[in-house]
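Along the sequence shown, the residues carry numbers beginning at 1.
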Amino acid sequence: MHRARALVLGCLLVAGAATAAPVVQLPEGGRAVEVIPKGVLCGPVRGGWVLGPEGRMLKPPTRADDATRTLELKVAADEAACATATDTVVVVATGPFPRIDSASTTFYPDDGRLELKGTGLKNVSIAWSGTPRGADPKTTTLDGQDVCLEPNSPSECAVPVTPGLPTDATLSWVPAFGRRGADVTTYDANGRFLDDEYFRLRPGRTVLTRPLVQSSGVDLSKGPGYAAVTHSEAIASVDCGTARCEVTEGAVSIRNVPGLNPTVTLRLRLVPRVFFAKGDALETSVAETLPVLACPLSAVEGTVLRDAEDSGLVMRLDAACAHDPRGLLWTVNGARVRVERVVKAQDGTYVLLRTSGTNEPQVTVTAITSRVDGTVVASETADTRPVPDPRATLELPGHGTIDFVPTNRPAEVTVASNGGLGRFVLRPLGGAYTVTTRESATLIQGEATAGGFVSLRFGYRLPTLPAELATSDLFLTNERVQRAVREASVPTNVENLVEFLCADKEGNDEKLSPSRPHRVDYAMRNTCRVVIHRERLTPEEGNQEITLRITVTKSDGSTRGESSVDQRLFLRPKGEVRVIPVQGNLGQYDRILVQVSHVADESRYALSTVDRTGLPSAQWTAIVRGGMFRLYTMATIPAGLYRATQPSGQLAINFGVLSRLALLNNEGQERLLGIEMGLMGLGLVPQSGDIQFPPTLAVVMGLGLRVPIGPGAAVGAQAWIAREFRGDITRRTNGAPGTDTVVPSSKWSFIFGPSISVGNVGFNL
């Protein structure tokens, strides 16, 4: 809707600006009109336009389209001169003229709206022109035009106009698709010429919606007072009771007001057909009661507070007032107050009054010349506001919020309130804390000798006040909560405090980096130690409480108990260096694990309320170097071995002692495959088959695959070559005579099968 309206208006303005030729406009279907007084119109014409035989008469089309609604025709002395003619005339076929009911039309100058009543209102334009009262007509003329694009109903249409027009602004209507201007000549459907007065629109009602009286008081200190009004042209008469008043340009002048501190009531009667909207009612008169002040006085918003002890109240005297505020007697609700500070500014004189506070919903501030004279210089009644409460948040930069006042480092203070226009400023409190400012940030730090609890003290200020009043405390208040005053311990990076040292193969100390695996020469295995650098801890970081754990794990996964350390250390700033050695006689491939972490103690540390996983910690890992091979002895119990050599068969329940040589990895763990050799008791339980293997002792040698299942225990599979020390292998004959019971066999055999091994007694090579 708005885009369509702007497009139509733009087309009208562009067409009017681009046309220098005279314009003749006629309604669609109207009679022929003599467009030019002499000469001829050069045809031909199109779109339903009809040119008369004499060449000067032109009849508009019965129904024009957008392409031929406007024609630009050449004008010549005769038809022969048309080819070289340069003069032109523009003819426009407007829409049918509307029937506007002026008596039912309403004009809202304050809202910028004209409500039309009538028929045929679509695409009808409204033009306006006027100058507000008191404005310079050379610079502040309000002109414009808008279109009724979509009527609200067949008989109603609201057209926006410029807000602020006077009630007697010139309003005119323009037919649909028509133009207006000094070079435009308009005819009606009967071919009659229409002047500008024909299109003049006089609304039946003009409704004012803004307050008619704009002044909040009347200043009579330097002669007649004036009450500003929005539409002085709409005021027919004014009555001020016993005072004298009259309507002037843009105001009502008032004089001869009796009394020292009176009020004056203005009764304004409006001119005919102008009304004032009061709710849904329309009134023809307006009554307004105004205070009369010798010096206009106003309370600065945000300084009139309720339930604030020893509070400051800021009043502003008008710049035209010649009285010295310090020479006046000031009272607040009848109680005398003192003038604490006076500041002169361009908009008046600001006076800071120090009061004892009030709990009343309103205060009346009065300034008189003296108690003897009693002349009231100024007076003002203002509503009080509840005193706001400060809400402070303390934060250690980079470490989150805290709920105490630190004594060893400053904390940043952020202050808010539950209302009010001012702001709270943290004030220092002797013996408890100090306040400093750094790069617009407010910092607080408790005094070193302070302890216990304290409530923060704030001053309430209004930054919009001029000069030094902006830094004056209107009142002082304490936070409703108390905060502990103590040291702030900030979890520091433990990597800066703790070092893990071991000697290299030349005997020089080497600082091991955390979170990386390291290898220590076996000869230097007893040089490893943890060093606690308490001297690196600064007072700003506070006391630290850490947990130190040293765990030594053997290559088989068991823990070396004599080397384990689990201590909770309390570190004070600037302390001495402490050395904690890794105890015990370490072995090859022993793994040393050093873990250092902070104790998550809210009573000690300034911990973030949202990030509890970010406490600094560190971990070091070192492995004692060892040999590449391990030779050890173990007891082996193969539950069942299979003898692959003829005669083949199952050997049940076997037991023996083996020596195993296995390759070790970098962690000291043996590889799965190893060389095995030893003595083995085979076939300790007789078999139930046809072949009877006698229990025997054998020397075995071969390969074994072992998977550890615990300290000193493993399961595996092996393939051995065995030299058996046994008797003959026999065969069951089942009593058949003549059957040889001895089975020919070799003392050498190849056997394989699973087993369980226990023990790991040996050494690394």
Side-chain angles (χ1 to χ4, degrees), residues 1-13 16 98 100-118 121-153 155-176 178-181 196 199-215 228-235 249-251 268 270-284 286 288:
M1 181 68 178
H2 295 293
R3 292 184 178 178
R5 185 183 302 278
L7 181 60
V8 171
L9 288 177
C11 293
L12 292 176
L13 292 176
I100 299 177
D101 184 3
S102 297
S104 300
T105 298
T106 305
F107 178 35
Y108 296 88
D110 295 335
D111 295 341
R113 186 173 80 257
L114 181 66
E115 294 183 354
L116 297 174
K117 294 290 183 68
L121 301 178
K122 185 174 182 181
N123 294 326
V124 172
S125 299
I126 298 297
W128 61 87
S129 177
T131 302
R133 289 297 182 267
D136 186 359
K138 296 181 180 180
T139 59
T140 325
T141 300
L142 303 178
D143 296 315
Q145 181 175 338
D146 210 327
V147 183
C148 175
L149 287 180
E150 295 293 338
N152 300 332
S153 67
S155 61
E156 295 183 2
C157 183
V159 180
V161 300
T162 301
L165 287 172
T167 57
D168 56 358
T170 301
L171 302 174
S172 302
W173 62 271
V174 181
R179 304 181 185 180
R180 62 185 295 267
D196 292 341
F199 298 99
R200 182 75 177 270
L201 181 63
R202 294 175 176 83
R205 290 188 304 181
T206 299
V207 180
L208 305 179
T209 55
R210 289 178 54 197
L212 189 60
V213 180
Q214 295 294 303
S215 299
V229 293
T230 55
H231 294 280
S232 59
E233 77 282 356
I235 302 175
E249 189 72 15
L268 308 174
L270 304 179
V271 299
R273 297 194 299 179
V274 177
F275 302 89
F276 179 76
K278 190 173 184 180
D280 295 332
L282 298 180
E283 300 181 353
T284 59
V286 176
E288 188 76 25

Nearest 0.5 Å please: distance from the [atom1] atom of [X] over to the [atom2] atom of [Y].
X      : Y      : atom1 : atom2 : value
Ser155 : Ile100 : OG    : CD1   : 12.5 Å
Cys148 : Asn123 : SG    : CG    : 8.0 Å
Glu156 : Asp101 : CD    : CG    : 11.0 Å
Arg273 : Arg202 : CZ    : CZ    : 8.0 Å

If every non-hydrogen atom of [X] is compared with every non-hydrogen atom of [Y], which pair is closest and at what distance?
X      : Y      : answer
Leu165 : His231 : O-CE1, 3.3 Å
Ser232 : Ala251 : CB-N, 4.3 Å
Asp110 : Pro163 : O-CB, 3.9 Å
Val174 : Gln145 : CG2-NE2, 4.3 Å
Val161 : Leu114 : CG1-CB, 4.4 Å
Phe107 : Pro166 : CE2-O, 3.7 Å

Just by distance, no angles: are the side chains of Trp128 and Thr170 close enough, under 3.5 Å, to form a donor-acceptor pair?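 Result is no, nothing qualifies.
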Answer yes or no: is there a side-chain heavy-atom contact under 4.5 Å between [X] and [Y]?
X      : Y      : value
Leu270 : Phe276 : yes
Val271 : Ile235 : no
Glu288 : Leu212 : no
Phe275 : Leu208 : no
Ser102 : Leu201 : yes
Thr131 : Leu142 : no
Val159 : Arg113 : no
Trp173 : Ser125 : no

Apply the test side chain to side chain contact (heavy atoms under 4.5 Å, CB included) to residues Ser129 and Thr141: give CA-CA distance (whole Å), side-chain angles for both, the deciding distance (0.1 Å), then the verdict. CA-CA 7 Å; Ser129 177; Thr141 300; 4.1 Å; yes
Side chain to side chain contact (heavy atoms under 4.5 Å, CB included) evaluation trace for Val213 with Leu268: CA-CA 9 Å; Val213 180; Leu268 308 174; 3.8 Å; yes
Around atom CG of Asp143, are there more than 12 heavy atoms from other residues, nucleotides or ligands closer than 6.0 Å?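 Yes, the 6.0 Å shell around CG holds more than 12 heavy atoms from other groups.
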I would like to know whether Glu115 and Lys117 meet salt bridge (charged side-chain N to carboxylate O under 4.0 Å, His left out); could you show each step before the answer? CA-CA 7 Å; Glu115 294 183 354; Lys117 294 290 183 68; over 6 Å; no
Expected output: side-chain Thr206 to main-chain Val274 donor-acceptor under 3.5 Å: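 Checked: no pair found.
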Check: Thr106 side chain, Arg205 main-chain N or O, donor-acceptor pair, under 3.5 Å: no
